[in-house]
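Following: one structure in structure tokens, then a few remarks.
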Amino acid sequence: MSSALPERLTAVALCERLAKAEDLRRVLADLDIDYRAVVCRNGRSLPRFIAGAAVDCLRSWRVVVSLISRRWQLNAGDLHGQRAVRFLSARSPDVGLHATSVIYRRPVIDLFRLGILNPHIGLLPKYRGRSVMEWSIFMGDPVGITTFFIDDGIDTGPQIILREEFDAYRGLDRTALKRLLFDQDAEMFRRAVGLLSQPDFAPTRQRLEDGKRWYVMSQLFSGVVDELLEPN
Amino acid sequence: MRGDARDRAIAAALARRLEEVRRLLPRAFAVDATPQPPVDPEEQLRIVMVRLWPKASAEGSDADAWERLAEGVLSLALPAAGEDWRFLDSWNNAYETLAVGPQYLELPSAQRFLATYADLLHAHVQRLA
């Protein structure tokens, strides 16, 4: 992507469960990158966060090793809090992998040399915002995932790394299709980080005026989407 | 699915909704005047969908929240009559909020909302026919 690329990219997964960090690690394992993770509570219930972390540690010894070796941080605070920011600053990460529910503020975005990747379940620049999978179907357009670098706006980050259409979804209902798309996140990260590691890779640009923002779809129109998804 | 089949599915859904809305409307009610379009419809849509609608549909919301939502949505009547479905869908969402909180149905704002919504639905059904 740039002639100033380091030999090995440092990618930090930004998660809310250790299990998610471990899932991403597994999928990214074949890439020659320095993989790290920050797992933050981000305002969710503390007992549930602790219980979830305990279960995830019991399920995988790799998780425990990653925490003990301080490659990963388990953080009962917020991603924008001092502890997480210190961890990130110390590692000078190249790429963040968005796997949380937080809205990123500029100081955290700026900690990543290239940016924070977001696998958005809509095809940018046309489909920004909410219910974009449903709106794509409603409008008769293909569904898909766009992996791009987050900025301060709603899905307006100017650098698109990867844009993937999915047309083999007939027969799935709305919930199953959404699950299928969300479950592609690790693979999208793997492919996007792979592309970013190539020195001659150039992202596609999107401009603010290239698309519009969509909002939560009504029950009425969601019903139309359900009907359109039904096999003929 | 081909465009005409999609249009048929949309038209059928809108026609069903129109029947529902008409059942809630008093016979004598008519829309008094065409509302003025907002200066910036895109920004008004954002305000309706990001601020007013979530407040009005939250648990424990009150009549004031509904009134503000109705006012916001009514200002989107002209764009909602056009081909950008996002604007009509803000009306669909507002209606679904009203249907869950029927205590507001007697408010003049609710009656005005329903009458205008019925006109919008009717116009779209005709357009897609």
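Below, chains carry the letters A, B, ... as their sequence lines are ordered, and counting in each starts from 1.
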Measuring only between side-chain heavy atoms, which start at C-beta, is [X] closer than 4.5 Å to [Y]?
{"X": "Met217(A)", "Y": "Trp135(A)", "result": "yes"}
{"X": "Thr204(A)", "Y": "Arg163(A)", "result": "no"}
{"X": "Ile137(A)", "Y": "Leu177(A)", "result": "yes"}
{"X": "Thr10(A)", "Y": "Val95(A)", "result": "no"}

Can you check whether Phe87(A)'s main-chain N or O pairs, donor with acceptor, with Arg91(A)'s side chain at less than 3.5 Å?
-> yes
Contacting moiety of Val216(A), where chain B heavy atoms sit under 4.5 Å = both
Ignoring hydrogens and angles, write down the donor-acceptor pairs under 3.5 Å from the side chains of residues 63-71 of chain B, residues two or more places apart or on other chains.
from: Trp66(B); atom 1: NE1; to: Ser109(B); atom 2: OG; distance (Å): 3.4
from: Glu67(B); atom 1: OE1; to: Ser109(B); atom 2: OG; distance (Å): 2.9

Listed by residue number, which members of residues 74-82 of chain A have a heavy atom under 4.5 Å from any heavy atom of chain B?
-> none
For Tyr127(A) and Asp155(A), does a side-chain donor sit closer than 3.5 Å to a side-chain acceptor?
-> no
Results of salt bridge (charged side-chain N to carboxylate O under 4.0 Å, His left out) for Arg86(B) - residues two or more places apart only | Glu42(B), Asp84(B)
Please report the closest heavy-atom contact between Val39(B) and Pro41(B), naming both atoms and the distance.
-> O-CD, 3.6 Å
Which atom of Leu76(B) lies closest to which atom of Trp91(B), heavy atoms considered = O-NE1, 3.7 Å
Tell me, side chain or backbone of Trp53(B) under 4.5 Å from chain A's heavy atoms, or both, or neither?
-> side chain
Checking heavy-atom separations under 4.5 Å from chain A, one finds in residues 44-52 of chain B Leu45(B), Arg46(B), Met49(B), Val50(B)
